[in-house]
There are 4 protein chains.
Amino acid sequence: MVKVGIYGASGYTGQECLRLLLRHSGVEVVAITSRRYAGLSIAAVYPVFSGLTSLVFMDASPHEVADQADVIFLALPHSESMKVAPVFWESGKKVIDLSADFRLRDIGVYESWYGHHVSPQIVPQVVYGVPELYRDEIAKSRFVANPGCYPTSVILGAAPVLKHRLIEAASVIVDSKSGTSGAGREPQVGSLFCEVNEGFKAYKVGGQHRHTPEIEQELSRLAGQEMKISFTPHLLPLDRGILSTIYATLKQEMTGKEMTELYRTFYQEERFVRIYQPGSFPNVAFVKGSNYCDIGVTVDTRTNRLIIVSAIDNLVKGAAGQAIQNMNILCGFPEYTGLEMIALFP
Amino acid sequence: MVKVGIYGASGYTGQECLRLLLRHSGVEVVAITSRRYAGLSIAAVYPVFSGLTSLVFMDASPHEVADQADVIFLALPHSESMKVAPVFWESGKKVIDLSADFRLRDIGVYESWYGHHVSPQIVPQVVYGVPELYRDEIAKSRFVANPGCYPTSVILGAAPVLKHRLIEAASVIVDSKSGTSGAGREPQVGSLFCEVNEGFKAYKVGGQHRHTPEIEQELSRLAGQEMKISFTPHLLPLDRGILSTIYATLKQEMTGKEMTELYRTFYQEERFVRIYQPGSFPNVAFVKGSNYCDIGVTVDTRTNRLIIVSAIDNLVKGAAGQAIQNMNILCGFPEYTGLEMIALFP
Amino acid sequence: MVKVGIYGASGYTGQECLRLLLRHSGVEVVAITSRRYAGLSIAAVYPVFSGLTSLVFMDASPHEVADQADVIFLALPHSESMKVAPVFWESGKKVIDLSADFRLRDIGVYESWYGHHVSPQIVPQVVYGVPELYRDEIAKSRFVANPGCYPTSVILGAAPVLKHRLIEAASVIVDSKSGTSGAGREPQVGSLFCEVNEGFKAYKVGGQHRHTPEIEQELSRLAGQEMKISFTPHLLPLDRGILSTIYATLKQEMTGKEMTELYRTFYQEERFVRIYQPGSFPNVAFVKGSNYCDIGVTVDTRTNRLIIVSAIDNLVKGAAGQAIQNMNILCGFPEYTGLEMIALFP
Amino acid sequence: MVKVGIYGASGYTGQECLRLLLRHSGVEVVAITSRRYAGLSIAAVYPVFSGLTSLVFMDASPHEVADQADVIFLALPHSESMKVAPVFWESGKKVIDLSADFRLRDIGVYESWYGHHVSPQIVPQVVYGVPELYRDEIAKSRFVANPGCYPTSVILGAAPVLKHRLIEAASVIVDSKSGTSGAGREPQVGSLFCEVNEGFKAYKVGGQHRHTPEIEQELSRLAGQEMKISFTPHLLPLDRGILSTIYATLKQEMTGKEMTELYRTFYQEERFVRIYQPGSFPNVAFVKGSNYCDIGVTVDTRTNRLIIVSAIDNLVKGAAGQAIQNMNILCGFPEYTGLEMIALFP
């Protein structure tokens with residue numbers, strides 16, 4: 001059994017990692033940490049775990065966790081993760097970082113969006129962990145930057161047409177909508193039930209959201225040229241799910257059917273990407289609790305615009321599920337191990 | 001007191017008209033019709049009206065209602081409305097039609113989206129009822145086509161920049177999200193609680209939604225040139241509200257602050273349009289139950305793209321409220337009479 | 001115009017008072033206070049007020065507000081209200097206190113549930129403000145303790161059978177369910193969207209909730225004998241509404257129809273209490289945003305048990321609406337002034 | 001591999017059976033039937049199954065399914081199930097019936113609540129399938145009546161005190177609240193999103209709900225005496241979950257701690273029943289998607305009343321999960337096989 005530690009396990013992402021890892025046939029979770037809840041059992045903080053595990057939150061140092069575990073999930077907020085990452089890196093253990101701290105290759109870009117970076121020396125060692133695109137690189141690495149939730153939905157949605165150079169680089173508009181679990185478990189007025197329920201809003205409008213440079217970095221890499229996009233996130237009154245509606249002008253005329261075929265071919269070996277039939281489009285309800293990225297595409301022939309709709313569960317394929325997918329690659333497990341959940345509907 | 005009839009009053013839109021009209025100081029509702037619920041009191045079908053009115057649904061002919069009422073609201077489905085409209089028109093009474101039947105000026109366009117039109121002779125008499133833009137025309141007419149819910153949010157959102165010729169005509173993308181009351185009260189699987197709740201999806205993707213030609217007709221009129229847009233509607237798991245995120249490329253550079261100023265000036269006399277401060281954007285929760293259209297604008301200077309976010313309550317400003325605003329104009333009441341509700345929050 | 005101040009106006013209850021008072025024909029709101037938001041406009045904190053008022057939160061002393069206003073609404077948390085109440089009382093102004101501080105007549109009982117009481121001298125001057133039951137007393141007073149939300153639903157639901165001595169005193173069980181706005185706007189984990197949404201729980205089970213002594217005090221007063229009840233509150237994943245299901249054993253046999261008749265007679269003069277037909281029961285959706293208390297009753301003849309279902313909007317009839325109803329009585333306005341809202345449905 | 005057929009698989013319960021069976025290590029689903037959707041793949045009707053199975057709905061006769069399968073799940077509406085049951089029974093195959101048709105032992109009682117029974121001869125062969133209470137009987141049978149959702153929550157909640165004869169038989173009140181998936185997938189106005197969302201109501205008040213005789217039959221059996229209860233169901237605006245709050249008068253004084261201990265002992269061998277610590281109570285969110293029944297108990301010492309709160313997922317422990325638990329017993333699999341899902345939170 002591979003021994004796993006979750007460093008910073010008390011947020012929604014951390015507990016989701018634990019939920020999945022407890023049902024993974026090849027691993028044993030040996031340590032979960034939390035400063036706030038140190039000494040409390042996970043079941044006391046998240047009663048869903050009652051009777052399932054005797055794990056207790058520890059306020060452990062990175063060294064202590066590195067000593068116990070073969071693989072470490074870092075589920076800390078950005079700027080916290082980079083403080084402890086060097087210990088884990090130097091320990092020689094495998095690391096999957098769910099924060100934003102190691103996703104941007106250009107330290108200057110990182111610092112203009114997030115602030116000072118204290119561990120820039122690790123950045124060159126890091127692989128950006130979209131298994132569907134970078135499986136081989138991940139397998140050779142031992143430090144994975146797990147992609148952001150919005151970026152995952154956009155990168156998987158746009159990769160086929162970017163790789164095939166089918167769209168005008170300057171034409172991409174991403175209109176994304178996320179469930180509220182993406183905002184985390186910190187108590188704040190904006191995340192209260194009565195502030196979110198029966199509401200819907202755009203936020204960080206006009207290229208203000210920190211996932212913008214991450215999306216641009218990865219789309220540029222896929223396109224082989226610099227991409228600037230317009231990205232507008234919105235907040236949905238539901239728990240789980242991201243749906244991104246992506247617009248781009250085609251360089252040449254294509255039908256929705258041809259486009260669907262192209263997507264099918266591109267992802268034909270991928271177990272976690274499902275391409276919808278022409279005329280059908282995903283719903284976040286159809287991926288809730290699962291590791292799927294569902295994608296539907298069409299062409300608005302009147303305007304020659306491609307429209308891509310992609311849906312994920314932000315806590316699974318957008319965070320914990322993808323992290324475990326990366327772990328499976330790092331550890332040599334079949335990539336889908338522990339990730340075969342069927343979406344919970346309704 | 002002006003006497004009002006609601007023809008087809010049993011849907012969400014019809015009952016919302018009634019809800020507002022019962023609190024309007026200048027009118028008396030004299031007739032509500034419904035074939036399905038004929039003989040039942042409105043309170044039996046919508047208990048919110050218990051103790052407030054003794055109105056009973058009648059299965060009355062258009063002639064009977066035209067005889068009793070000075071103003072008629074047609075709250076029928078499209079293709080039903082055009083069947084009865086001639087009687088009301090010929091009766092000389094004032095008509096506000098909430099269906100789509102008289103919104104499109106070009107019968108050919110209507111028929112390609114909705115099917116055969118049986119009352120084309122009325123179309124030339126009809127005014128498209130956005131009071132903020134066509135107040136004077138409305139005042140002179142007696143048949144108003146009340147705008148669709150999505151179109152209202154888009155037209156008010158885009159009017160200032162179209163009138164000022166500030167955007168590239170071919171660049172407009174409208175990503176709209178609507179609450180579920182827009183789907184009406186007909187029982188169908190797709191509108192069930194368990195199918196909508198905790199879900200979010202795009203539908204009629206790729207220019208398939210019937211509001212597309214209506215939006216294009218009105219944006220073209222405002223722009224003084226033919227407009228083709230990409231319009232993607234989405235279904236929100238909430239009762240009331242439409243939020244449209246509108247993207248367009250600017251012809252010239254402008255800041256978000258300048259744009260906000262331009263919007264403020266454009267709508268400075270309008271009581272029901274609220275322009276948000278730069279950096280602030282609307283939430284459908286802030287207009288729920290009210291007749292406001294809230295708008296926030298910004299410029300993504302990296303891409304020179306204008307982003308407009310506009311929010312309405314689809315049943316109020318997107319239907320019944322705007323209909324009463326039109327009635328107020330037709331009847332010479334102050335335009336805001338009966339429409340001063342403050343949004344219900346939370 | 002009567003001048004009104006709201007002391008502590010930044011919570012959901014305070015802003016709901018403001019929402020209603022701004023549309024009340026007989027009053028002018030002259031002051032709203034908040035320590036946290038001092039200097040900010042109400043519209044900055046609650047955008048629903050944009051364009052509707054220029055009121056700005058002040059960090060004003062009780063003396064300052066008492067100088068400006070004829071009537072003061074205290075919308076502070078319990079234990080805060082009693083600190084400032086004496087100033088308002090001594091100023092000779094009319095006071096409506098929405099906290100729990102002056103609802104319990106027995107200081108000992110208050111202190112065992114809430115802690116030390118610093119203004120016990122005011123308690124004897126206070127009237128418990130259920131207008132339907134104590135209208136005359138309220139009219140003669142100038143300090144009203146506005147009832148709690150749960151108690152309002154229970155007292156109105158049980159008053160007819162208590163007054164008529166129809167039930168066994170020891171048999172009363174109250175199973176209440178409240179929307180989340182009742183938990184206020186303080187950021188705390190338990191009120192986050194993701195903690196409440198798709199969830200439902202009982203809390204303070206076993207007579208632990210502070211509304212228990214308030215309910216017992218008032219039921220005892222109506223029954224003319226000491227009542228001990230079992231009261232279990234639950235948290236609903238919705239914004240507004242309380243539904244209480246009340247069980248009691250009948251002393252004699254009665255039918256549901258007879259019971260309904262008795263309730264109709266008891267409340268026949270009451271505009272804000274609606275008794276449902278036999279076999280029909282309320283839904284919190286039918287009172288949302290309105291000042292109604294809807295009640296349905298039946299008798300389970302197999303067990304000779306009376307079952308009462310009563311529904312209110314916790315922020316309106318359970319707080320701000322009832323407060324304004326009390327103000328109307330205190331000030332000599334018709335009791336329903338400013339309170340004729342029809343529930344917002346859907 | 002055991003071959004399984006689902007007869008009537010297109011409702012929420014049927015698809016939930018399939019969802020769980022597809023991940024069960026010991027079975028293969030060989031047939032799913034639906035008259036309405038015959039010829040369509042399950043993925044076309046429930047996109048959550050896209051890419052996971054090639055199963056297609058058949059309009060097959062009971063004989064055809066009995067020929068193919070070793071175990072049959074009947075997921076039909078009541079009164080339909082009893083029409084096909086004899087074929088399955090006579091085929092010698094194992095049957096788990098999720099309808100109400102075979103739960104009541106007394107045909108007279110059945111007929112007074114549901115109408116004429118066409119297969120009374122099977123009733124004596126049937127075991128009522130609460131594994132925690134009747135495991136041995138189930139193991140010896142081959143026709144299981146899977147308990148109703150409400151009854152499951154009540155029976156497991158009340159069994160310990162009934163078996164120990166600790167409560168007054170005439171004192172039991174059950175106040176239950178169910179999520180909307182319990183209403184099924186038939187399109188009807190009352191199940192529409194806009195009718196359920198932001199609403200909460202009691203229904204079938206006064207002993208009118210058909211689960212009343214089922215609950216009474218089973219509680220009576222546990223208590224060894226006839227029980228009459230008051231049962232009031234309510235509709236929650238959420239997808240999954242039943243929470244029952246059960247009140248009963250104790251025959252003798254006990255503390256909440258003693259009661260908790262008694263429940264712990266009673267269920268100490270049970271994997272799917274979790275007893276909460278004194279002072280803690282369940283939330284339906286903590287069992288969503290899992291097969292647990294979570295129970296918290298306390299004593300209101302002021303009234304000597306026991307209060308039990310029990311929570312299940314109505315589609316899992318209240319239907320499909322319990323059915324598979326029964327199948328596991330019938331087939332000799334470990335009882336928890338395929339049922340180890342951790343609740344999906346948030």
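Convention: sequence-line order gives letters A, B, ...; per-chain numbering from 1.
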Result block: side-chain N/O donor-acceptor pairs under 3.5 angstrom for residues 36-45 of chain B, not counting sequence neighbours:
from: B:Arg36; atom 1: NH2; to: B:Glu186; atom 2: OE2; distance (Å): 2.7
from: B:Ser41; atom 1: OG; to: B:Ala43; atom 2: N; distance (Å): 3.4
from: B:Ser41; atom 1: OG; to: B:Ala44; atom 2: N; distance (Å): 3.0

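More than 12 heavy atoms of other residues, nucleotides or ligands lie within 6.0 Å of CD in B:Glu258, so this atom counts as buried by the packing criterion.
The main-chain N or O of B:Ser50 is found under 3.5 Å from a side-chain atom of C:Arg274 such that the two form a donor-acceptor pair.
Heavy-atom neighbours of chain C within the stretch residues 282-297 of chain B, taken at a separation under 4.5 angstrom, comprise B:Ala285, B:Phe286, B:Lys288, B:Gly289, B:Tyr292. Inspection of non-hydrogen atoms places B:Tyr12, B:Gln15, B:Glu16, B:Arg19, B:Leu22, B:Arg23 of residues 4-24 of chain B under 4.5 Å from chain C. For residues 335-346 of chain B, heavy-atom neighbours of chain C at less than 4.5 Å comprise B:Glu340, B:Ile342, B:Ala343, B:Leu344, B:Phe345, B:Pro346, sorted by residue number.
With a 4.5 Å cut-off on non-hydrogen atoms, C:Glu198 touches chain B through its side chain but not through its backbone.
When B:Val48, B:Leu52, B:Asn197, B:Thr180 are compared by the number of non-hydrogen pairs under 4.5 Å with chain C, B:Val48 comes out ahead.
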